[in-house]
Amino acid sequence: MKYFITLSLCLFLLFSCEEPRKLSSTDKNQWEMRTVKKALPDSLDNGSTFLSVYSQIFMRNDKGQVDLTATVSLHNPNSKDKIYIDKAVYYNTKGEAIRIYFDKTIFINPMETVQIVIDGIDREGGTGANFIFDWKIKSSLNEPIIEAVMISTNGQQGISFTTSGKRIK
């Protein structure tokens, strides 16, 4: 019995010592492969898009919160040309910049979608998180379409909803 308890304790300690899991979409290598390597023309139009993203929402009252997984999708709605995203900054409910996903210009190929995932265990954004995306396009192109899908499940209950970006400049 003594050996069983010792062995059980050792196994428990061995398997409970996991390294903290890296959050999705925060790996710089994911963005490095999309980084624009040469100078872009000065003739590109600039813009910024604001996107509401909720990593938590209130449930039943202001004391109970539900954690959500958010998928942020950056769509290039153009069939022939790339678009460029200069920066993706994630802000918490208090308006504090808590994470910069990339600050070197990346490209999105024609008709391609690039995604950022805010893990359900990532509570930093809170109940009023948001993004600002700075972008560049040729003047003849459609602006990027930026949307988010938030989802959570618990037992037989599921919650999901979407938000759409709004151009702010």
Side-chain angles (χ1 to χ4, degrees), residues 21-59 65-153 158-169:
R21 190 172 75 86
K22 252 184 137 174
L23 297 175
S24 300
S25 304
T26 57
D27 181 6
K28 295 287 184 199
N29 292 330
Q30 173 183 341
W31 304 110
E32 276 299 315
M33 66 183 192
R34 294 193 155 279
T35 301
V36 174
K37 307 294 185 206
K38 59 183 180 178
L40 294 173
D42 290 337
S43 60
L44 296 177
D45 287 346
N46 296 312
S48 291
T49 298
F50 172 89
L51 178 71
S52 298
V53 177
Y54 303 89
S55 58
Q56 294 178 311
I57 57 171
F58 294 107
M59 186 69 122
Q65 295 178 348
V66 174
D67 298 332
L68 302 167
T69 299
T71 303
V72 176
S73 296
L74 310 168
H75 303 279
N76 179 352
N78 301 289
S79 61
K80 296 194 184 333
D81 288 300
K82 292 179 181 177
I83 61 172
Y84 304 96
I85 311 291
D86 290 329
K87 196 175 198 179
V89 183
Y90 184 47
Y91 295 86
N92 66 14
T93 303
K94 296 176 184 172
E96 302 162 336
I98 56 174
R99 194 172 303 136
I100 297 174
Y101 280 87
F102 53 86
D103 59 0
K104 294 178 183 170
T105 304
I106 66 163
F107 63 89
I108 302 177
N109 287 316
M111 301 306 296
E112 183 178 31
T113 300
V114 174
Q115 295 169 322
I116 295 172
V117 177
I118 308 295
D119 292 348
I121 61 170
D122 182 357
R123 297 177 174 170
E124 274 191 276
T127 58
N130 54 70
F131 273 93
I132 298 285
F133 295 96
D134 295 331
W135 45 265
K136 291 180 181 148
I137 58 172
K138 289 181 184 175
S139 60
S140 61
L141 295 181
N142 295 304
E143 297 175 4
I145 297 172
I146 302 175
E147 302 171 309
V149 176
M150 279 66 59
I151 187 167
S152 180
T153 58
I159 299 169
S160 64
F161 57 96
T162 63
T163 58
S164 296
K166 179 175 173 55
R167 183 174 180 164
I168 55 175
K169 66 176 175 171

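By convention here, the first residue in the shown sequence is residue 1. The shown structure was predicted, so the numbers you read here are calculated from the model rather than taken from an experiment.
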If you round to the nearest 0.5 Å, how far is [atom2] of [Y] from [atom1] of [X]?
X   : Y    : atom1 : atom2 : value
D81 : S140 : CG    : OG    : 6.5 Å
I85 : I106 : CD1   : CD1   : 6.0 Å
T49 : E147 : OG1   : CD    : 11.5 Å
H75 : E112 : NE2   : CD    : 11.5 Å
L40 : K82  : CG    : NZ    : 9.5 Å

For [X] versus [Y], what's the shortest heavy-atom pair and its separation?
X    : Y    : value
W135 : E143 : CH2-CG, 3.5 Å
A70  : V53  : CB-CG1, 3.6 Å
Y90  : F131 : CD1-CE1, 3.4 Å
S152 : L68  : CB-CD2, 3.4 Å
S52  : A148 : O-CB, 4.3 Å
P144 : P77  : CA-CD, 4.1 Å

- Worked check of ring pair (Phe, Tyr, Trp, His ring centres under 6.0 Å) between F107 and Y84: CA-CA 5 Å; F107 63 89; Y84 304 96; 7.6 Å; no

Look at the side chain of [X] and the backbone N and O of [Y], then say whether any donor-acceptor pair between them is shorter than 3.5 Å.
X    : Y    : answer
N92  : G95  : yes
T105 : D86  : no
S48  : I132 : no
N76  : N78  : yes

- Message: Distance to the ring centre below 6.0 angstrom and angle to the axis at most 45 degrees; does that hold for K166 and F50?
- Response: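 The answer is no, since K166 fails at least one limit relative to F50.
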
- Message: Is it true that S55 and D122 share a donor-acceptor pair across their side chains at a distance under 3.5 Å?
- Response: no

- Query: Is it true that the side chains of S73 and Q115 contain a donor and an acceptor less than 3.5 Å apart?
  - Reply: yes

- Message: Among N142, L44, N109, I108, exactly one meets side-chain contact (heavy atoms from CB on, under 4.5 Å) together with I83. Which residue is that?
- Response: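 The option that passes is I108.
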
- Query: Name the one of Q56, E96, R99 that satisfies side-chain contact (heavy atoms from CB on, under 4.5 Å) with E124?
  - Reply: R99

Quick check: do [X] and [Y] have side-chain heavy atoms less than 4.5 Å from each other?
X    : Y    : value
T163 : M150 : yes
P110 : K80  : no
Y54  : I118 : no
I151 : I159 : no
F133 : L74  : yes

- So W31 and F102, would you call those rings parallel, tilted or perpendicular, with 30° and 60° as cut-offs? tilted

- Sidechain N-carboxylate O distance under 4.0 Å for D45, K138: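 Salt bridge absent between D45 and K138.
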
- Message: Does R123 have more than 12 heavy atoms from other residues, nucleotides or ligands lying within 6.0 Å of its CZ?
- Response: no

- Look at atom NZ of K169 and say whether more than 12 heavy atoms of other residues, nucleotides or ligands are closer to it than 6.0 Å. no

